[in-house]
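In what follows, a structure is listed as structure tokens, so that the remarks can point back to it.
All of these numbers come straight from a predicted model, not from anything done at the bench.
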Amino acid sequence: MAKFENLINSKGTDGLDKIARRNKSFVPKKEKQDPPNAWALALATFFAYAVVVVIGHIRDVCARLFGQKKNRPPEGYAPLLDDFDDFYTRRLYRRIQECFNRPICSAPGAYIEVMDRVVASDPADGMKLTGKTSRCLNLSSYNYLGFAETSDVCKQQVIDSLNHFSPGTTSPSMEAGTTELHTKLEQLVARFIGKPAAMVFGMGFATNSTVIPALVGKGALIVSDELNHSSIVTGARIAGAKVRVFRHNNAEHLEQVLREAIAEGQPRTHRPWTKILIIVEGIYSMEGEICCLPEIVAVKKKYKAYLYLDEAHSIGAMGPTGRGVTDHLGVNVNDVDIMMGTFTKSFGSVGGYIAGSESLIEYLKMTSPGQLYASSMAVPCVQQIITALSIVLGEDGSDLGARKLRALRDNSNYFRRRLIEAGFDVYGDEDSPVVPVMLYMPGKMPTFSRFCLENKMAVVVVGFPATPILKPRVRFCISAAHTKEDLEDAMQKMIEIADVIGIRYCKDCPTSY
């Protein structure tokens, strides 16, 4: 940490000690400690995957030998699906497919109606609905501020916008797809974020994957956190720029990567890079960790790089006023060049935004495929965001937004603290609404998910390739709509489940919450 204090002070900006005094929410991060028996868990996890993979290959060989023709290509054709992804889907994913893609038939509020399914006689045929539903506590949706509730205050204004306009715009933003509400939303987002201008997209994933290629290309350098979202990875690949990866949330390694890249220059020619773009996330969706933004800003300034901040999970959910990690950590928004976020989490809608300088937004509106070719956001979705944002800003004349922000923070910290006290191996940072709990063994993913559904809790379990192969997990998403009673009841049920399947790996560890 002393290295970064010297680095920052050498450039005349605030040191970490000054940042800490200015904003008490900034705390230097402690490295996550593995459970005491981590080596045994790793060995058992590798062995479990090896067994499943070997059995899968044996079944494939038997299918070829004994004439199973269902998945064979037509005679004379090369296999269309003949890679590890296809094998993984057929022989690993389908074995536990009932734990994923569960359909619902209600609004994703604090409670959710999950449609019951059974596995077809042939797993390749997927799942069959039984016609019944289960009312479950929703610990899986990104309904951070509770704006997805059917009885919420946004509902009537959304219906009114639908009556006045139409369900869809049927046109890209650059043609006839921009209504007065789209313009109002862009102005509102810019004011909320604290940037001169903003633009909105109809899809969060497409915001990253179509904006990054418009910003950088051949001759440029992208320096990306190793755990950045798939949309960022996709955008970086499309861009054609050179991509270098730094260790997750490690500003020291970021500086090392930047220093080496600048010294070496472009491959073969060794010319200087045309531009350098650092890309990080506010909250990492699978880790629940908050970006060490003050340190990254210091490195960015030292090496004259641009900074792209993805606040998909932090905007509306972090900070005293809900303005994301810059608000939470006391970082000046002017230190972040491109600010990205989505409306699918905290605001109960769809789409994403980019906020920055007026020249940046004007340029992206003329170059980003997401603006030029994709239909603009549906007007009812736009109205949902406008109403939710107005509530968060307090412009509705009430303190509802402040109460939602406070409830989300209190619920997240309460649930995290209870999990740690109970001996679960919990990842992530305080105040983050994303609370991952490690399961490690791949066989414990479906077991935990099934037990939770039996106990009327809807959860999301995640494994390889979305996470490292050794770290399957359950990811809880906490909402302001939850009550303390909801969360405590869930905790009691999860402790019982955990004792049955053995996932309280830190039960005998000293708590450090």
Run the numbers on Asp116 and Thr130 for side-chain hydrogen bond (donor to acceptor under 3.5 Å, both in side chains), then give the verdict. CA-CA 6 Å; Asp116 296 337; Thr130 64; 4.5 Å; no
Ignoring hydrogens and geometry beyond distance, is a side-chain donor-acceptor pair present between Thr387 and Gln383 at under 3.5 Å? yes
In Å and rounded to the nearest 0.5 Å, what is the CD1 to CG distance from Ile391 to Leu405? 11.5 Å
Output yes when a side-chain donor or acceptor of Ser314 lies under 3.5 Å from a complementary backbone atom of Met318, and no otherwise. no
Using modelled atom types and a 3.5 Å cut-off, is there a donor and acceptor pairing between side-chain atoms of Ser432 and backbone atoms of Gly428? no
Flag the pair Glu255 and Lys302 as a salt bridge only when some basic side-chain nitrogen lies within less than 4.0 angstrom of an acidic carboxylate oxygen. yes
By ring pair (Phe, Tyr, Trp, His ring centres under 6.0 Å) - contacts of Tyr373 (at least two apart): none
With no hydrogens and no angle check, is any side-chain donor or acceptor of Gln384 less than 3.5 Å from a backbone partner on Phe347? yes
Applying salt bridge (charged side-chain N to carboxylate O under 4.0 Å, His left out), name anything that partners Arg406, two or more places apart in sequence or on another chain. none
Do Asp410 and Ser412 have a side chain donor and acceptor closer than 3.5 Å? no
Distance from Arg259 atom CZ to Leu254 atom CG, nearest 0.5 Å? 10.5 Å
Indicate the atoms forming the closest heavy-atom contact of Leu188 with Ile386, along with that distance. CD2-O, 3.8 Å
Could you go through Glu287 and Arg473, starting from their C-alpha distance and side-chain angles, then the distance that decides it, and tell me whether this counts as salt bridge (Lys or Arg N to Asp or Glu O under 4.0 Å)? CA-CA 10 Å; Glu287 309 300 314; Arg473 66 198 65 184; 3.0 Å; yes
Taking every heavy atom of Ser357 against every heavy atom of Ala197, the minimum-distance pair comes out as O-CB, 4.3 Å
By the salt bridge (Lys or Arg N to Asp or Glu O under 4.0 Å) test, which pairs, at least two apart or in different chains, include something from residues 157-173? none
In short, salt bridge (Lys or Arg N to Asp or Glu O under 4.0 Å) pairs touching residues 96-113 with sequence neighbours left out are Glu98-Arg450
Pairs in or reaching into residues 167-189: which pass salt bridge (Lys or Arg N to Asp or Glu O under 4.0 Å), with residues at least two apart or in two chains? Glu186-Lys365
Set out, in order, the CA-CA distance, both residues' side-chain angles and the distance that settles side chain to side chain contact (heavy atoms under 4.5 Å, CB included) for Thr326 and Leu329, then state yes or no. CA-CA 5 Å; Thr326 54; Leu329 298 175; over 6 Å; no
Within the side chain of Thr179, is there an N or O that forms a donor-acceptor pair under 3.5 Å with the backbone of Leu181? yes
Output all residues satisfying salt bridge (charged side-chain N to carboxylate O under 4.0 Å, His left out) with Asp399, sequence neighbours left out; order by chain, then residue number. Arg403
Does Asp337 have any salt bridge (charged side-chain N to carboxylate O under 4.0 Å, His left out) partners at least two apart in sequence or in another chain, and if so, which? Lys300
Taking Arg416 for the side chain and Tyr427 for the main chain, is one N or O donor matched with an acceptor at less than 3.5 Å? yes
Establish, for the pair Lys456 and Tyr111, whether the NZ or CZ atom is under 6.0 angstrom from the six-membered ring centre and no further than 45 degrees off its axis. no
Given side chain to side chain contact (heavy atoms under 4.5 Å, CB included), test Ile262 with Ile276 step by step and report yes or no. CA-CA 9 Å; Ile262 293 171; Ile276 299 175; 3.7 Å; yes
Picking from Leu139, Val435, Val460, Val461, what satisfies side-chain contact (heavy atoms from CB on, under 4.5 Å) with Val474? Val461
Residues in ring pair (Phe, Tyr, Trp, His ring centres under 6.0 Å) with Phe165, at least two apart? none
Under the ring pair (Phe, Tyr, Trp, His ring centres under 6.0 Å) rule, collect the residues that match up with Tyr363, sequence neighbours excluded. none
Residue pair Ser375 / Thr169, side-chain donor-acceptor N/O under 3.5 Å: no
Please name the pair of heavy atoms, one in Ala312 and one in Thr342, separated by the smallest distance, quoted to 0.1 Å. O-OG1, 3.4 Å
Which pairs count as ring-ring contact (aromatic ring centres under 6.0 Å, His included) when at least one residue sits in residues 199-238, sequence neighbours excluded? none
Look up atom OH in Tyr306 and atom CD1 in Ile222, then write down how far apart they are to the nearest 0.5 Å. 14.5 Å
Regarding Asp86 and Thr89, is there a side-chain donor-to-acceptor distance under 3.5 Å anywhere? no
Asp327 (side chain) donor-acceptor with Thr321 (main chain) under 3.5 angstrom: yes
How about His248 and Asp225: does a side-chain donor come under 3.5 Å of a side-chain acceptor? yes
Please report the C-alpha distance between Met115 and Ile104 in whole Å, then the side-chain angles of each, then the deciding distance to 0.1 Å, and finally whether the side chain to side chain contact (heavy atoms under 4.5 Å, CB included) criterion is met. CA-CA 5 Å; Met115 302 174 72; Ile104 65 172; 5.7 Å; no
Exam field: side chain Asp429 to backbone Ile290, donor-acceptor pair closer than 3.5 Å: yes
Look only at the side chain of Lys195 and the backbone of Ala190, and say whether a donor-acceptor pair between them is shorter than 3.5 Å. no
All heavy atoms of Gln371 vs all of Val200, minimum pair found to be NE2-O, 2.7 Å
Is the backbone of Phe192 close enough, under 3.5 Å, to the side chain of Arg323 for a donor and an acceptor to pair up by distance? yes
Hey, could you give me the OG/CD1 distance between Ser349 and Ile385, rounded to the nearest 0.5 Å? 3.5 Å
Listed once per pair and sorted, the side-chain hydrogen bond (donor to acceptor under 3.5 Å, both in side chains) pairs that draw on residues 196-217, sequence neighbours left out: Asn208-Ser231, Asn208-Tyr308, Asn208-Asp310, Thr210-Ser368
Using the ring of each side chain (for Trp, its six-membered ring), is Phe415 parallel, tilted or perpendicular to Phe476, with breaks at 30° and 60°? perpendicular
Can you tell me how far the CD1 atom of Ile354 sits from the CG atom of Leu360, to the nearest 0.5 Å? 7.5 Å
Look only at the side chain of Ser398 and the backbone of Leu400, and say whether a donor-acceptor pair between them is shorter than 3.5 Å. yes
Take the angle between the ring planes of His313 and Tyr142 and call it parallel below 30°, perpendicular above 60°, tilted in between. perpendicular
Which pair of heavy atoms, one from Asn143 and one from Gly109, lies closest together, and at what distance? ND2-CA, 3.8 Å
Scan for salt bridge (Lys or Arg N to Asp or Glu O under 4.0 Å) pairs involving residues 206-217, sequence neighbours excluded, and state none if there are none. none
So that I can tick it off, tell me whether Arg409 and Glu430 are bridged by a salt bridge, with the cut-off set at under 4.0 angstrom between side-chain N and carboxylate O. no
Worked check of side chain to side chain contact (heavy atoms under 4.5 Å, CB included) between Gln156 and Ile159: CA-CA 5 Å; Gln156 189 55 52; Ile159 293 174; 4.3 Å; yes
Tell me yes or no: between the side chains of Thr269 and Arg271, is some donor less than 3.5 Å from an acceptor? no
